[in-house]
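To keep things clear, I will list the structure first and then write my remarks on it.
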Number of protein chains: 2
Amino acid sequence: MSETREMIMAIARPMVQARGYNGLSFRELAKRIGIKNASIHYHFPTKGDLGAALARRYREDAEAILEGLWRESQDPAMCLRKYADGFRLALENENRMCLCGVMAAEYHDVPDAVKTEVQAFADSNISWLAKLLSAMDGFGDSAATKERALAIYAAIGGAQLAARSRADISVFDRIVESYRRAGLIPS
Amino acid sequence: MSETREMIMAIARPMVQARGYNGLSFRELAKRIGIKNASIHYHFPTKGDLGAALARRYREDAEAILEGLWRESQDPAMCLRKYADGFRLALENENRMCLCGVMAAEYHDVPDAVKTEVQAFADSNISWLAKLLSAMDGFGDSAATKERALAIYAAIGGAQLAARSRADISVFDRIVESYRRAGLIPS
DNA sequence: ACCTGAACACCGTTCAAGT
DNA sequence: ACCTGAACACCGTTCAAGT
């Protein structure tokens, strides 16, 4: 709808992925857009409103990408590789993190609306992973499949966090490769 | 040495584990101690100095606990369970996180001295894990052992992050159990 | 040696005022 | 409908001043 509103979100997202929800400054954000910081409050009454909108949009975008991946390839092993690549891409991009990963770490600081959206992102990811797993051999049991999808989601988030703290993307690759060798991520 | 300095660190640590480095307020910290916020700067010139001191102390404490665990039991499987329990304990404690895990998520916001300490914590944990693994069967090769130790460290951090974002400690248990079933964490 | 009050430039937020 | 300047209570930091 509003162009300014869209611009705020487009510029704020990578800022949060880099510096977190707490690290996002309305004044710096406004400066980059070319408006005054008070103007942001017209589009997003509070910082929490902006945070929740960013997380929702992030999930919607991720869902579109993941669904497209599966629809076009129908190849679970390849989808799992591409999934890890998505988290890798954030690190490649100036050592950024998954938006919902940073916000999860800031749990106590974000408003409830943000928490809800962060959980929705995780749910969405886990459902998609479970869908892949049940299309693979040896994952007939649906309860075990869900648990494994949850574990893969958590493990890849952990790989991103560990690699980020070392500012070394090869750490991410090594960890994910180790997950595969151990059998956590089927290949 | 200084009692006030020790009190600052003792009170600041759980605050950072709950709200992060960015979320820590000198004024709130000072209020809880019963001094003025300017006084904190006498003991820690900058927030970064306090953050680095907290991370170093955190690593030292963790090393003492882990070394004690291994020395007294010499049981790698039990040590691995106790290790995960340590991360679980933070969540039990009002949904807190590993100090170095939160600070890893705030990578771009913390000064270099803090980054160094956070990496030292990870190194220390991974070395200890590698020691356990090489004492177990089927982990003779030292290169693969190190990689596995790194993966276990990252995965448990990820489990903590995922469980925290849901404010549900059973999520942590389910993920760790899933790691065991998949064979990532030997048992 | 240790603490403090006051000031500085920051922060999110509010609101009356502008167009 | 959309933006702004000015004010508010916050923040880390500095520093001269106290004991």
Side-chain angles (χ1 to χ4, degrees), chain A residues 1-55 99 102-103 105-115 117, chain B residues 1-55 99 102-103 105-115 117:
Chain A
M1 295 296 175
S2 160
E3 281 185 33
T4 307
R5 193 187 145 94
E6 288 300 315
M7 191 175 300
I8 292 169
M9 290 183 69
I11 297 186
R13 189 172 69 175
M15 288 174 77
V16 174
Q17 287 186 254
R19 315 246 302 253
Y21 174 84
N22 273 330
L24 175 70
S25 158
F26 268 37
R27 283 179 166 82
E28 191 190 337
L29 174 57
K31 199 171 287 174
R32 292 201 197 178
I33 298 170
I35 55 176
K36 299 296 165 185
N37 86 87
S39 307
I40 297 176
H41 289 279
Y42 174 77
H43 300 279
F44 301 96
T46 69
K47 196 176 181 181
D49 292 320
L50 174 56
L54 287 175
L99 185 89
V102 230
M103 284 175 160
E106 295 176 296
Y107 182 82
H108 283 92
D109 302 306
V110 303
D112 287 344
V114 173
K115 286 175 187 157
E117 291 299 335
Chain B
M1 295 295 176
S2 160
E3 281 185 33
T4 307
R5 194 188 143 92
E6 288 301 314
M7 191 174 301
I8 292 169
M9 290 183 69
I11 297 186
R13 188 171 71 175
M15 287 174 78
V16 174
Q17 287 186 255
R19 315 245 302 253
Y21 175 83
N22 272 330
L24 176 70
S25 157
F26 269 37
R27 284 177 166 82
E28 191 189 337
L29 174 56
K31 200 171 288 177
R32 292 201 197 178
I33 298 171
I35 56 176
K36 299 295 165 186
N37 87 87
S39 307
I40 297 177
H41 290 277
Y42 174 76
H43 300 280
F44 302 96
T46 69
K47 195 177 181 181
D49 293 319
L50 174 56
L54 287 175
L99 185 89
V102 229
M103 284 175 160
E106 294 175 297
Y107 183 82
H108 282 92
D109 303 306
V110 303
D112 287 344
V114 174
K115 286 175 187 157
E117 292 300 335

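Letters go in sequence order (proteins before strands), and every chain restarts at 1.
Of the residues in residues 7-21 of chain B, not one places a heavy atom less than 4.0 Å from an atom of DNA chain C. Of all the residues in residues 105-114 of chain A, not one reaches under 4.0 Å from DNA chain C with any non-hydrogen atom. Contacts between residues 29-42 of chain A and DNA chain D, counted as heavy-atom distances below 4.0 Å, involve Ile35(A), Lys36(A), Ala38(A), Ser39(A), Tyr42(A).
Of the possible donor and acceptor atoms, one in the side chain of Tyr21(B) sits under 3.5 Å from a partner among the backbone N and O of Gly48(B).
dA1(C) atom P lies 15 Å from atom CZ of Arg5(B), rounded to whole Å.
Rounding to the nearest 0.5 Å gives a distance of 8.5 Å between CD1 of Ile11(A) and CE of Met15(A). With rounding to the nearest 0.5 Å, the separation of CE in Met9(A) from CD in Glu6(A) is 6.5 Å. We find the CG-CD distance between Leu54(B) and Gln17(B) to be 9.5 Å, quoted to the nearest 0.5 Å. Going from atom CG of Leu29(A) over to atom CG of Asn37(A) covers 9.5 Å, rounded to the nearest 0.5 Å. Interatomic distance, Asp112(B) CG to Glu117(B) CD, rounded to the nearest 0.5 Å: 12.0 Å.
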Check the interface with nucleotides 8-11 of chain D: list each N/O to N/O pair with the protein under 3.5 Å, or write none.
{"from": "dC11(D)", "atom 1": "OP1", "to": "Ser25(B)", "atom 2": "OG", "distance (Å)": "2.7"}

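Sorted by first and then second residue, the pairs that involve residues 7-17 of chain A and meet salt bridge (charged side-chain N to carboxylate O under 4.0 Å, His left out), not counting sequence neighbours, are Arg13(A)-Asp61(A). A salt bridge (charged side-chain N to carboxylate O under 4.0 Å, His left out) check over residues 34-52 of chain A, counting only residues at least two apart or in different chains, returns nothing.
When side chains are defined from C-beta on, Leu50(A) does not count as touching Val16(A), because their heavy atoms never get closer than 4.5 Å.
By the side-chain contact (heavy atoms from CB on, under 4.5 Å) test, Thr4(A) is found to be paired with Ser2(A), Ile8(A), Ile35(A), His43(A), residues two or more places apart in sequence or in another chain being considered. Taking Ala38(A) as the reference, nothing meets the side-chain contact (heavy atoms from CB on, under 4.5 Å) condition, with sequence neighbours excluded. Take His41(A) and apply the ring-ring contact (aromatic ring centres under 6.0 Å, His included) test, not counting sequence neighbours, and it matches Phe26(A). Under the salt bridge (Lys or Arg N to Asp or Glu O under 4.0 Å) criterion, Glu106(B) pairs with no residue, sequence neighbours left out. Residues meeting the side-chain contact (heavy atoms from CB on, under 4.5 Å) test with Arg19(B), sequence neighbours left out: His108(A), Asp109(A), Glu28(B).
Between Thr4(A) and dC3(D), a side-chain N or O to OP1/OP2 separation shorter than 4.0 Å is present.
Open room surrounds CE on Met7(B); 12 or fewer heavy atoms of other groups in view lie less than 6.0 Å from it.
For DNA chain C, if you chain together Watson-Crick or G-U pairs that step i with j, i+1 with j-1 and so on, the runs of at least three with distances under 3.5 Å are C:4-8 with D:12-16, C:12-16 with D:4-8.
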